[in-house]
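First up is the structure itself, then whatever we jot down about it.
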Amino acid sequence: MASESPAVRSLTFAAATAAAALVVALVVVGAACERKPRPARGGNAPTPPTASTVRPTTAPQTWQHSGDTTMGGSRPDQVRVREAAGPAAHSDAPFTTFTDVTADAGLQSFRLHAGVEAPKNWIVESVGGGLVAADFDGDGDIDLFLIDGDGMSLEGEVVHIEGAGSRLYRNDGGFTFTDVTKGSGLDVPGYAQGGAAADYDGDGDIDVCVVGYDMLHLFRNRGDATFEDVTASAGIVPAKWTFGTGCAWGDIDGDGRLDLYVSNYVDQRFLVEGTRTNSPGNPRTCIWRSHPVFCGPRGTRALPNNLYLQRADGAFADVSATHLVETPRASFQPIMTDLDGDGDLDIYVPNDGIENTVLENDGKGHLTDRGVESGASTDMAFEVQGSMGVDAADFDFDGKIDVMVTNFAYEYNALWRNRTRPNSRFLFEDVSIASRFSRSPQPRVCWGTGLVDFDGDGLLDCYVAAGHVYREDESDDRSVVKYKQTNQILRCLGAPKFLWEDVTDRAGPHFKDARLWRGAVFPDLDDDGDPDVVAVAQHDAPAVLRNDRTGPNAWLRFDLRGLRGTPAGARVTVETPDGTKRMHELHCGSSFGASDDPRLLFGLGPCDVVPRVEIRWPGGAVTKLENVRTRQTLVVKQEK
């Protein structure tokens with residue numbers, strides 16, 4: 001998101017790069033295994049038990065190891081993967097459709113409060129909200145925690161709005177949810193913005209961190225889906241008036257314990273005090289496209305981000321001053337991911353109106369910004385963007401994690417292909433326009449996002465949530481941009497060029513529903529093997545979208561259990577019968593103010609058995625599985 005500084009100036013936009021016409025021969029890779037009809041929705045047809053003793057079922061089953069766990073092995077950057085390996089899809093092939101089941105699910109009454117609806121007075125009102133998808137009660141299915149902000153007065157003070165407050169919803173199966181907030185300990189007061197979930201203390205249940213304006217709460221799960229606020233006892237003491245927008249979990253220093261990174265935005269109190277002095281009662285003192293609007297991020301000052309390392313006693317130490325070499329910027333959702341394949345977690349941070357941050361880990365938890373030299377901090381014309389949402393995944397089957405970021409209107413959503421060489425620093429190629437992933441300039445202000453295989457063909461798709469922050473734009477006769485906007489979905493067409501196609505018009509009525517969309521997650525809420533969608537919108541109900549995929553495409557899901565809690569950063573590589581290697585990495589914090597289903601779900605195309613699976617755990621241990629039947633969930637526990 002971006003706005004003008006108090007001085008009036010004209011916006012200029014980099015001209016879109018003229019792309020050469022691309023002639024692509026799309027070759028459909030023949031299926032290497034027998035086609036089978038996909039089981040009906042609501043359950044999976046039973047198949048004969050396998051020699052591995054894993055019973056095919058929608059309920060998770062524990063993999064019984066048979067001496068196939070090794071230490072070490074080849075590093076990810078030493079694995080050879082064909083450049084153009086993988087399946088391809090026809091551009092006219094059917095795509096999955098989504099059905100909005102919000103009302104039947106019991107979430108219709110939730111509202112995301114974020115100050116006044118329009119025109120907004122303060123930047124803090126424009127950027128909420130987030131959500132978390134996780135199994136909080138340990139019953140095997142994914143629950144939802146919807147994070148809600150409060151209100152702000154014209155004078156810039158937080159005020160309570162009747163009915164405002166975050167809500168915890170228990171998944172009762174069959175796309176029905178029960179509000180269990182009362183007595184859970186998660187009825188967070190104040191102006192919450194985002195959160196991330198993980199089992200940080202290794203006791204087997206999922207904890208959650210919630211960040212927002214003048215708040216940071218660490219909630220420890222007692223084991224029964226009730227939570228204790230342990231922020232102070234855990235040694236976390238955020239600065240007064242911190243403006244947290246997102247957080248992520250991962251073992252940064254390699255000691256086997258999860259650490260916490262928190263992104264902070266701008267100094268809201270600086271804006272408030274400046275307004276009281278210079279323009280009492282009138283917070284909309286900045287200019288954007290000739291309109292008076294609220295200020296930020298230009299016209300204010302950024303806050304530094306925070307890194308908290310977990311100690312052996314379970315408490316946290318704020319090591320931001322000693323371990324973070326980065327310039328304070330207006331930051332949104334971070335993601336912890338191994339960008340250079342060296343076995344430790346790096347961090348990518350989208351920033352608003354300034355270069356994005358790409359933090360390289362030295363293996364001991366010291367992080368240095370390599371954003372500018374990496375090629376993944378600006379657009380292809382070296383112009384900064386208003387970046388909000390983020391995801392990271394290997395969309396081109398080369399064993400490297402690529403990055404995509406959502407951006408402001410009149411810019412383009414960015415897709416960076418990872419070109420980092422072994423034992424070298426980050427190197428990314430902006431393929432956003434050339435691959436047809438985006439166009440410039442785009443009309444949407446984009447937020448929550450995910451690289452997810454919605455149709456199960458083995459190729460990643462992309463969901464993008466959108467909604468403006470300035471209602472003034474749609475009243476401008478120079479603009480076609482609307483305040484309430486519709487969401488978008490793209491599909492990757494795969495090898496050899498990995499072009500993208502906009503399939504929004506084929507995906508269902510939801511994609512015509514214009515709102516102020518923000519965060520989005522993609523959990524498999526009914527455990528039928530395809531990812532569903534939950535998206536939140538300001539001043540409105542969320543959208544719970546059931547994936548109604550049909551066809552023969554198979555799936556395989558991994559529920560990973562580490563030695564000390566959630567194994568954030570673990571990588572699962574599945575080799576299909578045609579030799580394609582598909583790799584997913586476990587992230588605890590992504591999209592926008594959000595944390596997604598931690599179970600790794602692979603779409604596999606029409607296939608009954610995959611010959612090989614490799615799980616690379618944080619720290620380097622490797623688990624290998626062979627001849628694994630599809631259409632089942634495997635709970636895999638790391639061996640000591």
Side-chain angles (χ1 to χ4, degrees), residues 1 98 100 102 107 110 112 114 126-134 142 144-149 166 192-197 211-212 245-248 263 265 331-335 348-350 352 385-393 403-409 413-415 437-438 442 444-452 454 460-469 484-490 504 507 510-511 513-523 525 531-545 547 587-597:
M1 193 185 73
F98 296 86
D100 192 324
T102 309
L107 276 71
F110 177 82
L112 173 58
S126 70
V127 300
L131 69 167
V132 174
I142 298 298
L144 295 172
F145 179 48
L146 305 186
I147 298 171
D148 190 18
S166 301
Q193 296 277 355
V211 299
T245 55
C247 55
S263 287
Y265 196 57
S331 296
F332 281 126
Q333 176 64 52
I335 189 167
Y348 190 99
V349 188
D352 194 356
Q385 296 176 303
S387 298
M388 277 84 82
V390 65
D391 201 10
V403 177
M404 66 87 48
V405 168
T406 57
N407 290 310
F408 203 72
N413 293 332
L415 177 65
F437 180 81
S438 191
Q442 67 173 2
R444 292 179 173 92
V445 176
C446 299
W447 304 85
T449 190
L451 292 166
V452 184
F454 289 113
L460 295 182
D461 313 302
C462 184
Y463 179 100
V464 177
H468 215 315
V469 298
K484 295 185 177 181
Q485 300 182 341
T486 56
N487 298 334
Q488 181 185 31
I489 195 163
L490 307 166
T504 304
H510 163 75
F511 294 92
D513 186 3
R515 304 189 202 177
L516 302 177
W517 299 104
R518 293 297 188 263
V521 292
F522 314 97
L525 294 174
D532 307 298
V533 178
V534 184
V536 294
Q538 289 193 345
H539 313 290
D540 215 326
V544 181
L545 307 178
N547 188 334
H587 303 141
C588 296
S590 61
S591 186
F592 179 80
S595 185
D596 210 347
D597 188 340

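Quick caveat, the model's predicted, so the values are computed rather than measured.
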Sole residue of D391, N487, T504 in side chain to side chain donor-acceptor pair (under 3.5 Å) with Y463: N487

Heavy-atom closest contact ([X] atom, [Y] atom, distance):
X: L460; Y: A393; value: CD1-CB, 3.6 Å
X: S595; Y: C588; value: OG-C, 4.2 Å
X: G246; Y: P334; value: C-CD, 3.7 Å
X: V127; Y: Q538; value: N-NE2, 3.9 Å
X: I142; Y: A134; value: CG2-N, 3.6 Å
X: I147; Y: G194; value: CD1-C, 3.3 Å

Is the backbone N or O of [Y] less than 3.5 Å from a side-chain atom of [X], with the two atoms forming a donor-acceptor pair by type?
X: Q333; Y: A594; answer: yes
X: R515; Y: A541; answer: yes
X: Q193; Y: G130; answer: no
X: S591; Y: T449; answer: yes
X: T245; Y: G212; answer: no
X: Q485; Y: R444; answer: no
X: T406; Y: G389; answer: yes
X: S166; Y: D148; answer: yes

[X] side, atom [atom1]; [Y] side, atom [atom2] - distance, nearest 0.5 Å:
X: S387; Y: N407; atom1: OG; atom2: CG; result: 3.5 Å
X: C446; Y: F408; atom1: SG; atom2: CZ; result: 10.5 Å
X: W447; Y: S126; atom1: CH2; atom2: OG; result: 5.5 Å
X: M388; Y: R518; atom1: CE; atom2: CZ; result: 8.0 Å
X: D597; Y: H587; atom1: CG; atom2: NE2; result: 13.5 Å

Hey, does [Y] have a side-chain heavy atom less than 4.5 Å from the side chain of [X]?
X: F511; Y: T486; value: no
X: L525; Y: V544; value: yes
X: V405; Y: V403; value: yes
X: S263; Y: F332; value: no
X: V534; Y: L144; value: yes
X: F145; Y: L131; value: no
X: V464; Y: I489; value: no

Please step through side chain to side chain contact (heavy atoms under 4.5 Å, CB included) for the pair L112 and H539, ending with a clear verdict. CA-CA 5 Å; L112 173 58; H539 313 290; over 6 Å; no

Candidate pair F522 and D532, rule side chain to side chain contact (heavy atoms under 4.5 Å, CB included), full reasoning: CA-CA 5 Å; F522 314 97; D532 307 298; over 6 Å; no

Going through the distances and angles, do V390 and M404 end up as a side chain to side chain contact (heavy atoms under 4.5 Å, CB included)? CA-CA 6 Å; V390 65; M404 66 87 48; over 6 Å; no

Decide if the gap between the ring center of W517 and the ring center of H510 is smaller than 6.0 angstrom. yes

